[in-house]
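A short write-up of the structure that comes next.
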Amino acid sequence: MNDTSSLHPILQPTFETVLQRNPGEAEFQQAVFEVMQSMSPIVGTHKRYAGRSIVQRICEPERQIIFRVPWVDDKGEIQINRGFRVEFNSALGPFKGGLRFHPSVNLSIIKFLGFEQTFKNALTGLPIGGGKGGSDFDPKGRSDGEVMRFCQSFMTELYRHIGEYTDVPAGDIGVGGREIGYLFGQYKRITNRYEAGVITGKGITWGGSQARKEATGYGTVFFADEMLRRVNDSFEGKRVVVSGSGNVALYAIEKATQLGAKVVACSDSSGFVVDEDGLDLEALITLKEVNRGRLHEYVEGRPHAVHTPTGQGSSIWDVPTDVALPCATQNELDESHARTLVKNGLKLVAEGANMPTTPGAMALFQSAGVLYAPGKASNAGGVATSALEMQQNASRDSWDFETTEERLRQIMIDIHDDVVNTAEEFGRPGDYVTGANVAGFIKVADAMLALGVI
Ligand code: NDP
Ligand code: 2IT
């Protein structure tokens, strides 16, 4: 899959070393290969980024922590999970990135996420390094008490590694406001410090930021809106399909609808829903956020809505659409999905999730002339607003929703312009993948070069 011969000769041995050092870590290797492909056209001409082992150093996490998380379930039985925190790069600021609780979590997934996060955070222009963590704990079907006991045990180990100036976690898949509350509560209890800036995604009344919950989904749509504006188009009247129905998906649906689009489909791991009337966001939020329900319940009492369970030969990407916003998980949109989407008239893809598009699908979109934005640019609004939460915590201030949303919108416009200008400067106009990877890489590499051999 990762054809080393397509890389610049300077990068080939570097990538071989990554393969040898990280055997079997398919997701991590995939993420590194994509960045090296983008760097290939420039390492020959920009010698600064070819020497001093800068690419090798960027591919090696600063620190990787793996720990046992024992906890007691409601039946009184002891459960053991595995916890991770990969502190990838702190050249630009404290390690920053979410925690994912999902049964699929392993070291490869956390490393790919931490690697991507490093460039994403650089693109925000805010002083945050990159990291990621999580556990193979599955919150589905667990009671509030079980989730709390798990979070308390997880933080009992994690607390010694994090801090306002060291490493600042947040949410990701399976980690929302409830989990952040339990994690912060335990941190506060162990350390005897109300150190609000140690974690982001907090509740509004205890140090959280307005618009953080909405930020990733809103930011993805703001970014896509800029892509459309660049080609004299807009969301007005567009058909939109959003995969997932979690935090990122729900607020992408909201903002796209506010901008005049009709969002006709969303999904979870059990299936997808199509509602030709346009999805009813209020009902979705009640179902998913308040009741923690499953998506198939949405169609009850809605004659125009259809639910298709997973495993029946079709997927959400069979639904014809102008705009696709993948907001569920990595590698959820493959080459055959991409072919169907293009055949059905797709114009734009902006990733709300991290690496949801496989390399084959990405290549197909680019060759078909579909506007395509990689997650490290288009979903950066979540972590950017986390950095705004840190700013508010540091100044013991809190901003109103409109101010915070406007800051977020401006950050997404700035990232968009930075990515577009970088792609143009490096001879790939309109190529958001090259633009994002090169612009992010340069910011991290320049800081590392200035800081000596770190
Ligand atoms: P949530 O846990 O809130 O929602 C995840 C959604 O994706 C659910 O609908 C879930 O369905 C679905 N999903 C998860 N795993 C799979 C899978 N293996 N197959 C099919 N569907 C799946 O997470 P978020 O919305 O926070 O995260 C979604 C994506 O966005 C992730 O890639 C995350 O890394 C990325 N992201 C999140 C940010 C944030 O601020 N939260 C910021 C930037 C990126 P089900 O309920 O059935 O599991
Ligand atoms: O992937 C991501 O950018 C996130 N899960 C958000 C990270 C954060 O620190 O807000």
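All values below were derived from every heavy atom in this structure, side-chain atoms included, with hydrogens, water molecules and symmetry-related copies excluded. We count ligands from 1, going down the list as the structure has it; atoms in each ligand are counted the same way. For reference, positions follow the sequence shown, starting with 1.
Judged as a side chain to side chain donor-acceptor pair (under 3.5 Å), the pairs with a partner in residues 281-293 (not counting sequence neighbours) are, in order, Y251-E289.
Contact annotation: the side chain of L346 approaches that of T321 to within less than 4.5 Å [non-hydrogen atoms, C-beta and beyond]. Looking at T385 and R407, their side chains never come closer than 4.5 Å, going by heavy atoms from C-beta outward.
A salt bridge does not link R409 with E402: every distance from a Lys NZ or Arg NE/NH1/NH2 to an Asp or Glu carboxylate oxygen is 4.0 Å or more. No salt bridge links R142 with D138; every basic N to acidic carboxylate O contact stays at or beyond 4.0 Å. With respect to E157 and R68, no salt bridge is recorded, no charged nitrogen being found less than 4.0 Å from a carboxylate O.
Residues that satisfy the side chain to side chain contact (heavy atoms under 4.5 Å, CB included) test with Y165, not counting sequence neighbours, are absent from this structure.
In terms of modelled atom types and a separation under 3.5 Å, the side chain of S243 and the main chain of C327 share a donor-acceptor contact. Not a single donor-acceptor pair under 3.5 Å links the side chain of Q410 to the backbone N or O of E406.
At a heavy-atom cutoff of 4.0 Å, ligand 2 is surrounded by K96, G97, G98, Q117, K120, K132, A170, G171, D172, R212, N354, G382, V383, S386. Protein residues are said to neighbour a ligand when one of their heavy atoms lies under 4.0 Å from it; for ligand 1 these are R100, H102, K120, K140, D172, I173, G174, R212, T216, G244, S245, G246, N247, V248, S267, D268, S269, R294, C327, A328, T329, G352, A353, N354, N379.
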